[in-house]
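Below is one structure, written out as structure tokens; comments come after it.
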Amino acid sequence: MAELSPMMAQYFEIKQQHKDEILFFRLGDFYEMFFDDAILASKELELTLTGRDCGQAERAPMCGVPFHSYESYVARLIAKGYKVAICEQMEDPALAKGLVKRDVIRVITPGTVIESSMLQDDKNNYICSIYLEGDKAGVCFADVSTGQTYATLLNGAAVSGQIITELCRYNPSEVLLNEAMLSLKDVTAYIKQHMACAVELMENEAYADAQDALNDQFGEGWPVSGGLAKDGPAGFAVSGLLTYLRRTQKHGVERLRTVVSYAEAQYMQLSPVTRANLELTQTMRGREKRGTLLWVLDKTQTAMGKRLLRSWLEQPLVSAPAINDRLDCVQALHGESVQRAEITETLSHVFDMERLMTRTVYGSATPKEIYALAGTCRQLPQLRALTESFDCPQLKALAVQIDPLTDIHDRIVSAIDENAPSTLKDGGVIRAGFSPEVDELRDIVHGGKGFLSQMEAKLKEETGIRTLKVGFNRVFGYYIEVSKSFTDQVPANFVRKQTLANAERYITEDLKNLENKILGANERLLVLERKLFEELLFDLSAQLTRIQSTAAAVAKLDVLTALAQVAADNNYVRPTVDEGSELLIQEGRHPVIEQMLKGSLFVPNDTTLDCAENNLLIITGPNMAGKSTYMRQNALIALMAQIGSFVPAKECRVGVVDAIFTRVGASDDLSAGQSTFMVEMTEVAQILEYATRKSLVILDEIGRGTSTFDGMSIARAVVEHIAVKIGCKTLFATHYHELTELEDLLPGVKNYNIAVKKRGDDITFLRRIVRGPADDSYGIQVAKLAGLPDEVTERAKQVLKTLDAASQSNKRVTQLDFEALEAMNSPAVPSEMMDKLSALDVETLTPIEALNFLYELKKTLDN
Ligand code: ADP
Ligand code: MG
């Protein structure tokens, strides 16, 4: 076999260390890929596959991307789940002796991305590390791009379910598992089927030096409170993450300075299904933001605020005092529209400091971005003063956390040119006046021509040769040209360099020096500008903690201001939040649907739910009446209150709920290979297992997926179990009218229905919730509304009549009693009168007509 070319040998040596990654191998102005990497990348990125001589008979398959636009290519590979190793030239090829040194400076993976072009502004990008030991799991989530890190310990019999819940809360793009995790098949299967994330198995040795890794990162102290032991599963989870980051990042890992411990009990429990059903951050159908609660609430100005709002939504609080702290701020901001507008305006100039600081620590921030950071600092004194000015202790406390960072502003502005470019390669980064050396080099680079003409004039005068010229050519450099006729007058210090047909060219010591100065100046200038810029990045990195905590305070201010703005725009009220057990809503609205219904008005509805008399509401009414909307609106109002938002209602009291569970019909999971009914029952089982008295449960038409009697029996048994054994606030929509009899049989159960107006065969939806069971399911009328042909609906009516007649004989006693009771309570209204009333067009009625109509009505009644 022939010898590999030296460069190819180098390639193989490096590739050997990065078998799992696509290797981007820097060759001059390109990153090249070879062999299998090239074949794969050419397919995935639609690049032309070429070949390169590698010293052997076969040419190496090759493809490449220009180095200045590599990010977009890497982003596409990452999005497809690949990892990319970036191999750089470690020395200047022009200065290198022999083969240029190359090394991998970074491995980019879905969970370790820091480039803004590969990240979504409004979303955190989490990497998760899970360490299972026995029945305990340490779980750690970090956003490498912002430095935020969280850890918790999960334990107990249901550890799999808890892990899945945490995964859904943070939705990581990469997950690291220890070997023991492979035994939790339900978790690994869930990740595979439901989560679009990369998975990395960490071998046991990766945790061997866990304690040292933690000490190196955080010092001897352990920044994590809340009973998370450094040498327990949570500590190992954090150390596994650090190990992985060191392997992939080479530098910048110090960015993770603190780990925030959280207890699950700190946040409202929201199962994955509930998150999806309530459409908090993405819609069920299109998986879009539009049409979600986040879409309604997101009036934030900064990327940091957007990410924080999303995480508030994903983690509602359960402590009434903590919630009221947020509500106090929102109320204060809500009350002062002028100051609020000023804050909003100021925030709109604030840059994503959080992620920029990561790139600063990693050394990849651009001059333009750093200048923008100064622009952001300029807003801080104003933001602090505005926040301080509110008569609200919580806002005043927040103001104190906004460090004006004037020193940082001044440091940046004195060093960086205001038109600094977004790369270092062409210079123009350092402000004039900052460094005398830079200024001098710039003079030479820009004034080089001036020096030459000065020298030419001087030499002409000294020698008296009128035709003397100073010039430049690529091969010989700078020269003095004297035509043949004057060569005898050339001074002795001129050294001959080149002979032309009718002239001689010379060089002098002075000219040589000038040449070095000019030719080297640009290079030296670029090196010096880079050095000064890197010093600045280093200085800024040293201020990381200050900048970071200011960024966090600004993000919080942004979210609170946005919530106040939404409250004002959409006419929300402050909910009363306490530790009680009531959910009382007057004229509540569905926050999303009311925004989607352009033109037509949303009909508000009241809600009375508690842990006593009004514990479980059975809601009946025809399809399309508004049952699902009503139930979700109550869940969303409780959830909004617990993130600290005002709510769409006229008045509202929320006793904090520890969890919301929903089982909403129609969401099926056929893609995962399970039948709809099976999925439905699994979800109901989970609700029955995990709901407590403090939970809020929403069951929407359960039992649909099986035969009527089966379904009804299950639904009834579930209601009984919840009402008697759990006692949590529950809304239960059903198409089984038979269940309405439970009101008389179980304490705390109340019937409600969503009213419709019937006129002959037609119905109109009134969207109002009223006490009592619906009197009919109106299936045929709804079918007619939907456009089923008259022929078919007529025939359906006939069939129904026969069925009703058949069932009349064996109708159960309880139901008969119930109907009798209803009849006694509400005197029958003659249907003729109802028909007349509903036919009336009140809008166009004149007073006289109204009087006549009343007279007519009374006559009918008297008859
Ligand atoms: P159901 O669950 O009873 O079949 P939905 O809750 O799905 O009915 O409501 C059907 C449609 O009715 C919704 O898409 C919405 O557009 C409209 N709707 C529901 N409630 C209201 C309301 N209170 N005000 C106005 N429109 C409503
Ligand atoms: Mg429904």
Side-chain angles (χ1 to χ4, degrees), residues 273-274 276-279 283-286 288 290-293 295-296 570-572 585-608 617-637 640 647-650 652 661-668 676 679-680 683-684 697-705 711 715 730-737 739-740 751-758 762-788:
V273 183
T274 305
N277 276 331
L278 292 180
E279 306 194 304
T283 56
M284 302 252 291
R285 272 173 196 219
E288 296 161 343
R290 195 191 138 79
T292 65
L293 185 57
W295 169 72
V296 174
N570 300 353
N571 204 12
Y572 294 170
I585 301 169
Q586 246 186 55
E587 299 191 14
R589 288 132 32 213
H590 190 296
V592 180
I593 295 190
E594 80 166 341
Q595 296 303 317
M596 305 285 266
L597 285 180
K598 294 223 175 73
S600 54
L601 276 189
F602 190 89
V603 179
N605 274 308
D606 299 347
T607 302
T608 305
L617 314 186
I618 293 180
I619 301 164
T620 43
N623 264 324
M624 284 302 286
K627 301 181 296 298
S628 303
T629 306
Y630 175 71
M631 296 203 298
R632 286 172 183 225
Q633 127 189 351
N634 288 310
L636 289 173
I637 287 177
M640 287 169 79
V647 297
K650 193 171 155 217
C652 171
F661 293 96
T662 61
R663 163 60 222 183
V664 177
S667 82
D668 61 327
T676 315
V679 172
E680 180 178 324
E683 287 175 25
V684 171
V697 171
I698 284 176
L699 295 170
D700 197 345
E701 315 220 12
I702 63 164
R704 266 231 142 137
T730 305
L731 293 162
F732 189 99
T734 185
H735 54 292
Y736 298 123
H737 281 263
L739 295 185
T740 54
N751 283 321
Y752 281 87
N753 75 88
I754 304 205
V756 291
K757 185 169 79 170
K758 193 160 54 161
D762 295 321
I763 53 169
T764 310
F765 296 119
L766 298 178
R767 312 285 182 214
R768 278 226 179 271
I769 187 124
V770 292
R771 272 287 276 133
D775 54 353
D776 194 344
S777 65
Y778 301 98
I780 295 173
Q781 287 87 339
V782 174
K784 194 175 159 198
L785 266 187
L788 219 62

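Heavy atoms only: backbone and side chains are in, while hydrogens, waters and symmetry mates are out. For ligands, and for the atoms within them, numbers begin at 1 and follow the listed sequence.
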Short question: side chain of [X], backbone of [Y] - any donor-acceptor pair under 3.5 Å?
{"X": "R290", "Y": "W295", "value": "no"}
{"X": "N751", "Y": "T740", "value": "yes"}
{"X": "R771", "Y": "N753", "value": "no"}
{"X": "N605", "Y": "R767", "value": "yes"}
{"X": "K627", "Y": "P622", "value": "yes"}

Give me the residue, atom name and distance of the protein heavy atom closest to [atom].
{"atom": "atom 23 (N) of ligand 1", "answer": "V603 O, 2.8 Å"}
{"atom": "atom 16 (O) of ligand 1", "answer": "L597 CD2, 4.2 Å"}
{"atom": "atom 11 (C) of ligand 1", "answer": "M624 CE, 3.9 Å"}

By number and element, which atoms of ligand 1 are closer than 4.0 Å to a non-hydrogen atom of [X]?
{"X": "P622", "value": "3 (O)"}
{"X": "A625", "value": "1 (P), 3 (O), 8 (O)"}
{"X": "N623", "value": "4 (O)"}

Considering [options], which one's heavy-atom position lies nearest to [atom]?
{"atom": "atom 13 (C) of ligand 1", "options": "I754, T629, I769", "result": "T629"}
{"atom": "atom 26 (N) of ligand 1", "options": "R767, R589, Q633", "result": "R767"}
{"atom": "atom 8 (O) of ligand 1", "options": "G626, A733, G588, S628", "result": "G626"}

* Asked: Is the Mg ion (ligand 2) less than 2.8 Å from an N/O/S atom of T629, whether that atom is in the backbone or a side chain?
  -> no
* To do: Indicate whether any N or O donor in one side chain lies under 3.5 Å from an N or O acceptor in the other, for T620 and Y752.
  => no
Can you check whether [X] has an N/O within less than 3.5 Å of an N/O in ligand 1?
{"X": "F602", "answer": "no"}
{"X": "I593", "answer": "no"}
{"X": "L601", "answer": "no"}

* **ligand 1 contact by G621, heavy-atom criterion under 4.0 angstrom** => no
* **Min heavy-atom dist P604 to ligand 1 below 4.0 Å** => no
* Asked: Is L278 close to L636 at the side-chain level, that is, under 4.5 Å between some pair of heavy atoms?
  -> yes
* Any F602 side-chain heavy atom under 4.5 Å of I593 side chain -> yes
* Asked: Is at least one protein non-hydrogen atom found at under 4.0 angstrom from atom 1 (P) of ligand 1?
  -> yes
